[in-house]
Number of protein chains: 2
Amino acid sequence: MNRLLQDLRIVEFSAFVAAPLGGMTMAQFGAEVIRIDPIGGAIDYNRWPVTDTGASLYWAGLNKAKRSAALALDKPEGRELARAIATAPGPGAGIVLTNLPPLRGLDYASLKAERDDVIQLRLIGNRDGTAAVDYTVNAASGFPLVTGNSGAGPGAPVNHVLPAWDIAAGLYLATALLAAERHRSRTGAGQEVIAALSDVMLATMGNLGYVGDVQINGRARPAIGNDLYGSFGRDFATADGRRVIIIALTPRQWRAIGTATGLTDKLALVGQMMEVDLDTETGRYEAKDAIAALLARWCAARNLAEIAAAFAGSGVLWGPFQDFVGLVRDDPRCSPQNPLFAEVEQPGIGRYPMPGLPLDFSASPREPTPPAPRLGEHTDQVLSEVLGLSTAEIGRLHDAGIAAGL
Amino acid sequence: MNRLLQDLRIVEFSAFVAAPLGGMTMAQFGAEVIRIDPIGGAIDYNRWPVTDTGASLYWAGLNKAKRSAALALDKPEGRELARAIATAPGPGAGIVLTNLPPLRGLDYASLKAERDDVIQLRLIGNRDGTAAVDYTVNAASGFPLVTGNSGAGPGAPVNHVLPAWDIAAGLYLATALLAAERHRSRTGAGQEVIAALSDVMLATMGNLGYVGDVQINGRARPAIGNDLYGSFGRDFATADGRRVIIIALTPRQWRAIGTATGLTDKLALVGQMMEVDLDTETGRYEAKDAIAALLARWCAARNLAEIAAAFAGSGVLWGPFQDFVGLVRDDPRCSPQNPLFAEVEQPGIGRYPMPGLPLDFSASPREPTPPAPRLGEHTDQVLSEVLGLSTAEIGRLHDAGIAAGL
């Protein structure tokens, strides 16, 4: 984390990936992010992957560096406290981030009645208010029907495993938060910002040219397995049972493949045979199967280590496939050797490398990321520091079941 | 687009997805984004999908609402002009976004020598400076080895088609830009911000709990096809050859499935049979195959329209799979019926719906998104408006092959 946004306070009512990621990104910028959960935790509190004792590694990952307050959000007094925290004074406070249906008293109008310049950012499923999650949005996108199938035509849909739409949505929320806060700091005006997860998908489809392809060309890209569309890229098996991806986006990367493999002359024959200019992406895409025939044989005759040695420093754009265990155990980038990571002692879980922001700011040095809070860890601090409640009053709230600590 | 950031000017040296998306996001917020390309265009200028005349729908999608200046970046005078544009005075100017190797005179130190408070955001492949692109980063992530395979174990890798890491990186850059600009507006200090694409992947792996799963539990999630990990969700075939995904993340969504399908009693028997509590995500994950057996038969006996009717208003979390053509032609969300889209006349391509930002700001109304520029469309305007060059001087630059227009 760094300290770039340390004067901001964000109050988060959230679950699952997108809004927690948006808030966690702000926390990694040093903002005070208070996640307010119902007593006992929100619906994502035990989400997989979990440890053998049931602690959620997922929740820890998406909530690190935040503060946690647990309040009885099912009771008017709990919601009143939550509203008071969300709308507490201060130039960097009064920012609310949520992806949950608004509770009574915590909708934008109620928050604005309390603090006129409040900013609320809300992620919804579809624009019309109906439900949508990463899985349903992805099904609608068209991607699953061109994922993992060979050129033989569309088969059964294949979903991505990375919750990509949620991640994009969370980062759009972070950008929107800063844009809205910038506007408020210059004009004094707060606002409500609404993002629909399905719009995140739809905007991306348009941005990448898929909407235009159907509208203008009347066609859509086919399923082509792991091949790159409109360029050269494919995965190959090695002699030792690994797989690698080899790509040529640029003429330089293309020539490097020939040089590093010693196949320059044979690849030139491919160009003659297929009557295409292999220095163009379109030409390489047209000739991809012939190119791949040569590279498949070359890779199949070599171990991964031999391929890595042949490609080292050659300018070939390539990489090995590895599984999650290989990534975490064997890839030095996924370890504290990489300044992105630091060993963090996560209460209830143990010590393991946690990432900071994937951004290095020369004017704001990287600091160790704090762990995720335990549920309710900061309830009393927040009630005291933000609302100025007395120890006696906080005690009463605990006794009444309105507030909960550890 | 909106006008929230209309006082900012960003100068972009970029190609492909991530940096262009970061810049385009800023342009959609009303910032003046000047993409400076070499004369003839950068390496992504003809990227697929393209029209029958070779115009890139991809480039149009990722560069809309920007201005385009074409300069001879291979010549010192062209680079000097580019540096002057990038470092021109103004409180909202002096922000540079790039994912290209820095050209001589356009590295951070050179820019800073010209304008001390310049902000440069740079996306690189790996932190050590070696190349990495979405495809190689994805291969390293572990996701392709758990995508698209059934429980029978890992097979060949299946890459995602959505360039998800590039999209995340582009949105991280947008967030970082606003954080760095906020810092500059408060302290006067610019800075260099560096993001490695592989760090974007690695941070995400940590955020989602995958790093902890291996480090703490010594295991990793298996390949489970389209099933949701740790919850219930699976795709099913319909009687008319379509497929749907049905999900239950919450107890309410779970009960809705039983009610809407009339299978409540039979699903209760699944719980008894498997000895699990189907009101928990873990219980539903444990019993997923038995649950799916009932739902598969139910779906296979019904057309998509019948399923849609049964689920309408029921609270069931579900959605049909559709292909790109279905998305664009039949889904009203992907049309100007959705305020996200507006018909745009894109020069050289034609008229089609282009998306704006997937964010609605109550204090800053949505305006139509301008099309992408033609290459060099704004060269003369930029030289005149930003650098104050005379018509005669601009003419000389054209004659000398230093600047190019349409």
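Below, chains carry the letters A, B, ... as their sequence lines are ordered, and counting in each starts from 1.
For B/S185, the part lying near chain A is the side chain, with the backbone staying farther off; criterion is any non-hydrogen pair under 4.5 Å. Heavy-atom distances place both the backbone and the side chain of B/P49 under 4.5 Å from chain A. Heavy atoms closer than 4.5 Å to chain B are found in the side chain of A/T204, but not in its backbone. Neither the backbone nor the side chain of A/W59 comes within less than 4.5 Å of any heavy atom of chain B. For B/I216, the part sitting under 4.5 Å from any heavy atom of chain A is the side chain, from C-beta outward, and nothing else. Contacts between B/A189 and chain A at a heavy-atom distance below 4.5 Å are absent for every atom of the residue. For B/S198, the part lying near chain A is the side chain, with the backbone staying farther off; criterion is any non-hydrogen pair under 4.5 Å. Only the side chain of A/N126 comes within less than 4.5 Å of a heavy atom in chain B; its backbone stays farther off. Contact annotation for A/I119: neither backbone nor side-chain heavy atoms come within less than 4.5 Å of a heavy atom of chain B. Within the 4.5 angstrom heavy-atom criterion, only side-chain atoms of A/F29, from C-beta onward, approach chain B. Looking at A/L208, both its backbone and its side chain come within 4.5 Å of chain B, counting heavy atoms on both sides. Of the atoms belonging to A/A168, heavy atoms from both backbone and side chain fall under 4.5 Å from chain B. At a 4.5 Å heavy-atom cutoff, the contact between B/L21 and chain A is made by side-chain atoms alone. Looking at A/I245, only its side chain comes within 4.5 Å of chain B, counting heavy atoms on both sides. Of the atoms belonging to B/I246, not a single heavy atom falls under 4.5 Å from chain A. With a 4.5 Å cut-off on non-hydrogen atoms, A/A60 does not touch chain B at all. Interface residue B/I167: only side-chain heavy atoms are found under 4.5 Å from chain A. Contacts of A/Q346 with chain B are absent, with no heavy-atom separation under 4.5 Å from either backbone or side chain. Neither the backbone nor the side chain of A/T187 comes within less than 4.5 Å of any heavy atom in chain B. Neither the backbone nor the side chain of A/L121 has a heavy atom closer than 4.5 Å to any heavy atom of chain B. For A/D227, no part lies under 4.5 angstrom from a heavy atom of chain B. For A/L62, the parts sitting under 4.5 Å from any heavy atom of chain B are the backbone and the side chain alike.
When the candidates A/V137, A/N63, A/D213 are compared by the number of heavy-atom contacts under 4.5 Å with chain B, A/D213 comes out ahead. Interface remark: of the candidates A/Y285, A/W318, A/W48, A/W48 forms the most heavy-atom pairs closer than 4.5 Å to chain B. Chain B forms the most heavy-atom pairs under 4.5 Å with one residue out of A/L228, A/N2, A/N138, A/D128, and that residue is A/L228. Top candidate by heavy-atom pairs under 4.5 Å with chain B, chosen from A/T280, A/V214, A/L4, A/V200, is A/V214. For the options A/Q253, A/R182, A/E192, A/M205, heavy-atom pairs under 4.5 Å to chain B are most numerous at A/R182. Contact count versus chain A (heavy atoms, under 4.5 Å) is highest, among B/L171, B/N207, B/I247, B/N217, for B/N207. Top candidate by heavy-atom pairs under 4.5 Å with chain A, chosen from B/A179, B/G170, B/A174, is B/A179.
Remark: the backbone N or O of B/A140 is not paired with any side-chain donor or acceptor of A/D331 at under 3.5 angstrom.
Between A/H160 and B/T147, every side-chain heavy-atom pair lies at or beyond the 4.5 Å cut-off. Side-chain atoms of B/L145 and A/Q322, non-hydrogen and from C-beta on, never get closer than 4.5 Å to each other. Here the side chains of A/M201 and B/L327 are in contact, with some heavy-atom distance below 4.5 Å.
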Set out, in order, the CA-CA distance, both residues' side-chain angles and the distance that settles salt bridge (charged side-chain N to carboxylate O under 4.0 Å, His left out) for B/R186 and A/D7, then state yes or no.
CA-CA 11 Å; B/R186 281 152 199 255; A/D7 59 316; 3.1 Å; yes

CA sep, side-chain torsions, deciding dist, call: A/R221, B/V161, side-chain contact (heavy atoms from CB on, under 4.5 Å):
CA-CA 11 Å; A/R221 60 155 283 169; B/V161 176; 3.4 Å; yes

Run the numbers on B/F321 and A/N159 for side-chain contact (heavy atoms from CB on, under 4.5 Å), then give the verdict.
CA-CA 10 Å; B/F321 286 86; A/N159 285 349; 3.3 Å; yes

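Applying the salt bridge (Lys or Arg N to Asp or Glu O under 4.0 Å) test to pairs two or more places apart or on separate chains, none has a residue in residues 316-325 of chain A.
Ionic pairing of B/D360 and A/R127 is present here: one or more N-O contacts between side-chain nitrogen and carboxylate oxygen are shorter than 4.0 angstrom.
Screening B/F324, B/Y58, B/Y352 for a ring pair (Phe, Tyr, Trp, His ring centres under 6.0 Å) involving A/Y210 leaves a single residue, B/F324. The only member of A/L357, A/L177, A/T175 that meets side-chain contact (heavy atoms from CB on, under 4.5 Å) when paired with B/T175 is A/T175.
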